[in-house]
Amino acid sequence: MMTLLILLVFMNLDLFMKTGHCTELRDQVFSITTETQEQVEVLRNLSTQYEAALWQPVSPEYIKEETPVHLYVPANSSEMVKNLLQQHGMTHEILLANAGELIELQMKNVSTDPRSGSTFYEKYHSLEDIYSWVNRTAHDNPSTVKAILVGSSFEKRPLYALKLSLNNRPNKKAMWIDCGIHAREWISPAFCLSFVHHLLSFYKQIQDITDILDNMDVYVLPVLNPDGYEYTWTKDRLWRKNRSRNRSTNCIGVDLNRNFDANWCTEGASHNPCSEIYCGAFPESEPESQAVADFLRHHKDSIHLYISIHSYSQMLLFPYSCTTDEAENHSDLLEIAKEASDNIRRHYRNNYLYGSGAKTIYLAPGGSDDWAYNLGIKYSFTLELQDRGRYGFLLPPSKIDRACKEALTAVKTVALKVIEKT
Ligand code: ARG
Ligand code: ZN
């Protein structure tokens, strides 16, 4: 009888924790589905107020009926947001009940803790750590790896790309891969680091890695948007854009993946500096996008493959995103993307959608992939890594390893195909 009573008390406490005031003290992520146009309008408004941060879709104008919206709701707005949802008959599911805790967990691993058991490549790293890693990697592999300064950011941080060149074959092809164009997508730089590590560790050990490096030089830019990345570590974990300032407005930052010269700032991007998809004042107005564009222009004859790494949604996209027109080698790109996706499914039983950007997600002009494609790099991809919204941008460190393995499978598949085809 007594135990039953105690049990009952605990159960009630538990209930209280879930529904009562305790949850109100936490940052949460909601998944909200709308049914009517009125609800869509309410949600569009709401997502720009109460310090709520829209995770999905990328910008309020893309909210539409029947499509789940992922919204980060800070603890102090939780009550307001819930009331508003209720008033307008919207239900929500809690994706993350304690986002603050997850964020803390991700930053804990800054310096390698020997007791934690996970390796350097299974953790997220601060910008400073990534800069030392770049230096160390070049320094430890003097005959095969070079750090190339390709430019600097708005806040004057250096943009270093590593060049991996494992043999001296003449007229070698090359591939370019960049990570971290969007600041909050932490799994992206984590992949670039693990990718370099994998290539250097398994050359002459694993056949496909050897084949790739025998036939291609590999350029890797681990953090395309260092100012934004630093900002996500110090001020706002969910920052997306770069950190450029403009006299005409108080809003900061340009979406670097809307700043390239590919149907620049047409439908799918915004002229509003406060928007998450602000295209900037003109194409390549930003030092980061200009640096990458300049580098690719100078090396376009050797670079046969361009890959840009993002998260989240698990997709392999190819041109075009800036128009619904088909790319001239669409069937080629489709075949390659399908093979990559099939390989991921076979090895890891995980699904990656694939297709042209405009038809698979949304019109999004000014992207680096479309621009590189129009420059003449006919194999151009954007890879969106894990997950599909469970953790979203806050993918826990314990999932880094698997996410990187899946991405590695895709990148290897694509690279080998390009070697075969060009
Ligand atoms: N989620 C990415 C973005 O919004 C998708 C990029 C696809 N490519 C593109 N050119 N828009 O930037
Ligand atoms: Zn992105």
Side-chain angles (χ1 to χ4, degrees), residues 53-63 70 177-192 221 223-225 228-229 232 237-242 253-270 275-280 283-284 286 288-289 292-293 296 306-327 333 337 352-375 377 379-389 392-395 403 407 410:
L54 195 59
W55 278 23
Q56 180 190 288
V58 60
S59 189
E61 58 267 37
Y62 298 115
I63 296 176
H70 298 173
I177 179 163
D178 56 60
C179 292
I181 189 167
H182 289 142
R184 62 194 175 187
E185 299 165 8
W186 282 13
I187 187 61
S188 170
F191 172 69
C192 265
L221 175 58
V223 189
L224 198 156
N225 174 12
Y229 190 72
T232 60
R237 176 62 183 82
L238 296 173
W239 190 259
R240 167 181 167 97
K241 302 187 282 182
N242 77 347
V254 168
D255 182 349
L256 294 173
N257 212 31
R258 300 292 181 279
N259 190 236
F260 287 80
D261 198 358
N263 289 356
W264 177 80
C265 225
T266 51
E267 186 190 339
S270 172
S275 166
E276 291 284 28
I277 49 172
Y278 174 45
C279 58
E284 290 178 34
E286 303 310 293
E288 297 88 352
S289 36
V292 171
L296 293 175
Y306 173 89
I307 302 178
S308 192
I309 305 288
H310 290 248
S311 77
Y312 59 97
S313 66
Q314 299 181 195
M315 286 179 187
L316 185 49
L317 306 170
F318 51 79
Y320 286 107
S321 291
C322 65
T323 160
T324 50
D325 294 353
E326 260 184 18
L333 294 167
Y352 281 64
L353 282 181
Y354 55 90
S356 75
K359 291 189 175 151
T360 311
I361 28 174
Y362 40 56
L363 270 172
S368 60
D369 50 359
D370 284 353
W371 178 82
Y373 182 84
N374 286 339
L375 181 71
I377 304 176
Y379 297 92
S380 179
F381 296 88
T382 290
L383 179 54
E384 297 261 5
L385 307 198
Q386 279 194 31
D387 55 11
R388 283 156 105 180
F393 303 117
L394 303 182
L395 193 74

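Every number for a ligand or one of its atoms is a count from 1 in the order of the listing. Just so it is clear, the model here is predicted, and its values are computed rather than measured.
When each of D370, D325, I377 is tested with P319 by the rule side chain to side chain contact (heavy atoms under 4.5 Å, CB included), just one qualifies, namely D370. Residue H182 is tested with D255, N242, T232, N257 for a side-chain hydrogen bond (donor to acceptor under 3.5 Å, both in side chains); the sole match is D255.
Inclusion of L317 in the set of residues having an N or O under 3.5 Å from an N or O of ligand 1 is not warranted. The shortest N or O to N or O distance between D370 and ligand 1 is not below 3.5 Å.
Close approach of ligand 1 to R258 (heavy-atom distance below 4.0 Å) involves ligand atoms 3 (C), 4 (O), 12 (O). Annotation for ligand 1: atoms under 4.0 Å from non-hydrogen atoms of H182 are 3 (C), 12 (O).
A donor atom on one side chain and an acceptor atom on the other are not found under 3.5 Å apart for N259 and E286. Between the side chains of S368 and Y306, at least one donor-acceptor pair of N or O atoms lies under 3.5 Å.
Scanning the protein heavy atoms around atom 8 (N) of ligand 1, the nearest turns out to be D369 OD2, 2.9 Å.
For atom 12 (O) of ligand 1, the nearest non-hydrogen atom from the set L363, T360, L383, N257 belongs to N257. Remark: among candidates H310, R240, E384, the nearest residue to atom 1 (N) of ligand 1 is E384, based on non-hydrogen atoms.
Residue I361 places a heavy atom less than 4.0 Å from ligand 1. No heavy atom of F260 sits closer than 4.0 Å to any atom of ligand 1.
With a 4.0 Å heavy-atom cut-off, ligand 1 is reached by no atom of F318. Only the side chain of S321 comes within 4.0 Å of ligand 1, counting heavy atoms alone; its backbone N, CA, C and O stay farther away.
Distances from the Zn ion (ligand 2) show that E384 has no N/O/S atom below 2.8 Å.
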Check the pair Y320, N374 against side chain to side chain contact (heavy atoms under 4.5 Å, CB included), reporting the backbone distance first and the verdict last.
CA-CA 10 Å; Y320 286 107; N374 286 339; 2.8 Å; yes

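Below 30°, between 30° and 60°, or above 60°: for H70 and Y312 the angle between ring planes is below 30°, a parallel geometry.
Residues I177 and I309 form a side-chain contact, since some pair of their non-hydrogen atoms from C-beta on lies under 4.5 Å apart.
Vertex the Zn ion (ligand 2); arms to E185 OE1 and H182 ND1; angle rounded to 10 degrees, 110°.
With hydrogens and angles ignored, the 3.5 Å screen pairs no side-chain donor or acceptor of N225 with any backbone N or O of G180.
Between W186 and F393, the gap from one ring centroid to the other reaches at least 6.0 Å.
The N, O or S atom of H310 with the smallest distance to the Zn ion (ligand 2) is ND1.
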